[in-house]
Amino acid sequence: MVKSFSTFYRHIIEEERKYPEATGQLSDLLADIALACKVISLEVNRAGLIDILGFTGEENVQGEEVKKLDVYANDVLKYVMKQGGHTCAVCSEEEESFIPIDDKFKKNKFVSNKYICHFDPLDGSSNIDVNVSIGTIFSVYKRVTSSGPGALIDCLQKGTEQVAAGYVIYGSSTMLVYTTGEGVHGFTLDPSVGEFLLSNENIKIPEKSKTYSVNEGNFSKWQKEVRDYITYLKDTDPETSRPYSSRYIGSLVADFHRNLLYGGIFLYPSDIKNKNGKLRLMYEANPLSFLVEQAGGRSSDGAGRILDIEPKNLHQRTPLFIGSAEDVKLAEKFLARENKHPD
Ligand code: P6P
């Protein structure tokens, strides 16, 4: 079958045309995000050549050493969102609080800057220096306040309220994967023309897989039910495709992207040290959960749907079980046996 030739911008415009009432702001916003990620991609791919590597000596809100590329990616996204005029607030892993944007930048004087965005500007940053794939994750909501600079209430909405979500993975090629609720579509950056070209239309994650992705170094810290689940996956039973293969890159976007295309379950459970797990709800779990559900997969905190979680703060963490629907359902069954912490 001949692949339809399309660029990311053309694709979002065609999606927009399905909604007569659309003002075009979301299309422009997504194009702005793609532009920012092209700029970030340039630096990521050059990082090995210039002194952008290494530590800035500062710490971000997570108390982690910040590498210069994290700061750079965050600055580019903030700048492009502010100049783009379609957002009233930007939230980021690198920013303690949300950044309100007043409407002096808005492009359409009849319509307020009606969106807010959450970003993980450069997820997996600990892998920057060893040339492992890293990524930018984004999540877009409609504002709930009516006009002017955005407020916290605009930024703390359930994942089900997202109007768009996606990521850009900076790997052997730079790929953008997104959804606006009309399926999941992948685009590969052609550096010679500087465009994201449609490469994976209507991605569907395999219902069941033979791959699990988890940091087994935490095994002794998990509650018993999680330990039982992983042990089950490693037992031999050809009928249920066991033992599963273990694949763990330690870069969420890279692990998720592989599972999205090939099937698999990624899990970052809570443990005795991290009672709510490590990963962040607003700019990691929610956007990837929107994508995986649109691709026919499932995403849970072990007890319930990630997208149904009512957020309490911008940087709250959540346990995450995400990927092929049958695998996530089985993990939930193991966890339902009892919710006691490790014996
Ligand atoms: P661990 C990278 O720092 C990150 O935030 C995610 O990209 C990744 O999935 C996770 O942490 C890896 O955590 O504890 O296994 O190193």
Side-chain angles (χ1 to χ4, degrees), residues 37 40 44 47 53-56 58-71 73-74 91-95 118-139 165-171 175 177 211-223 226-227 229-230 246-262 264-289 291-292 297 299-302 306 314-323 328 331:
C37 292
I40 293 166
V44 167
L53 291 180
F55 290 84
T56 60
E58 295 152 25
E59 285 198 346
N60 66 10
V61 293
Q62 325 300 338
E64 295 161 348
E65 281 284 359
V66 179
K67 289 187 178 290
K68 287 179 182 174
L69 266 180
D70 291 39
V71 176
N74 190 48
C91 311
S92 167
E93 180 185 28
E94 301 294 336
E95 303 287 343
H118 288 269
F119 291 107
D120 188 349
L122 210 55
D123 181 83
S125 52
S126 52
N127 295 294
I128 292 176
D129 290 351
V130 292
N131 210 16
V132 166
S133 298
I134 53 182
T136 298
I137 308 174
F138 61 88
S139 171
Y167 58 85
V168 174
I169 180 168
Y170 310 105
M175 266 196 82
V177 177
T211 302
Y212 72 101
S213 189
V214 70
N215 181 347
E216 291 205 54
N218 297 325
F219 188 88
S220 62
K221 294 187 284 185
W222 293 332
Q223 67 186 80
V226 175
R227 297 203 300 271
Y229 173 60
I230 295 300
S246 171
R247 293 284 182 276
Y248 192 70
I249 301 168
S251 179
L252 175 60
V253 173
D255 280 314
F256 179 84
H257 186 66
R258 181 205 53 247
N259 290 348
L260 181 68
L261 297 182
Y262 288 170
I265 178 170
F266 172 94
L267 46 155
Y268 209 108
S270 59
D271 60 46
I272 42 177
K273 195 162 74 80
N274 304 296
K275 294 283 185 284
N276 294 311
K278 171 181 184 181
L279 300 178
R280 309 292 180 166
L281 174 65
M282 297 310 290
Y283 41 79
E284 290 174 326
N286 268 337
L288 298 186
S289 298
L291 284 165
V292 86
S299 183
S300 162
D301 62 1
I306 289 284
L314 295 176
H315 298 288
Q316 76 184 64
R317 300 174 193 266
T318 175
L320 181 61
F321 299 76
I322 187 169
V328 174

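All ligand and atom numbering here is 1-based and tracks the order in the structure. All values below come from the heavy atoms of this structure, side chains included, with hydrogens, waters and symmetry mates left out.
Side-chain atoms of Asn274 do not come within 3.5 Å of backbone N or O of Asn276 as any donor-acceptor pair. Checking side-chain atoms of Ser133 against main-chain N and O of Ala254 turns up no donor-acceptor pair under 3.5 Å. Panel note: side chain Thr136, backbone Cys37; no donor-acceptor pair is recorded below 3.5 Å.
For ligand 1, the atoms lying closer than 4.0 Å to a non-hydrogen atom of Asp123 are 5 (O), 6 (C), 7 (O). Near Tyr268, with a cut-off below 4.0 Å to any heavy atom, the atoms of ligand 1 are 1 (P), 13 (O), 14 (O), 15 (O). Shown in contact with Leu252 at under 4.0 Å from a heavy atom are these atoms of ligand 1, numbered in order with element: 6 (C), 7 (O), 8 (C), 9 (O). Taking every heavy atom of Phe266 and a limit of under 4.0 angstrom, the matching atoms of ligand 1 come to 9 (O). Ligand 1 places these atoms under 4.0 Å from at least one heavy atom of Ser251: 7 (O). The ligand atoms of ligand 1 that sit less than 4.0 angstrom from a heavy atom of Tyr248 are 1 (P), 12 (C), 13 (O), 15 (O). Residue contact check: Asn215 has heavy atoms under 4.0 Å from atoms 1 (P), 14 (O), 15 (O) of ligand 1.
Aromatic pair His257/Tyr167: centroids less than 6.0 angstrom apart.
Other residues, nucleotides and ligands contribute at most 12 non-hydrogen atoms within 6.0 Å of the OH atom of Tyr262. Summarising the local packing, CG of Asn131 is surrounded by 12 or fewer heavy atoms from other residues, nucleotides or ligands at distances under 6.0 Å.
Contact between Asp255 and ligand 1 is absent, with no heavy atom of the residue lying under 4.0 Å from the ligand.
Between Leu279 and ligand 1, no pair of N/O atoms sits closer than 3.5 Å. Considering both main-chain and side-chain atoms, Asn218 never comes within under 3.5 Å of ligand 1 through any nitrogen or oxygen pair.
No donor-acceptor contact under 3.5 angstrom links the side chains of Ser270 and Arg317, judged on distance only.
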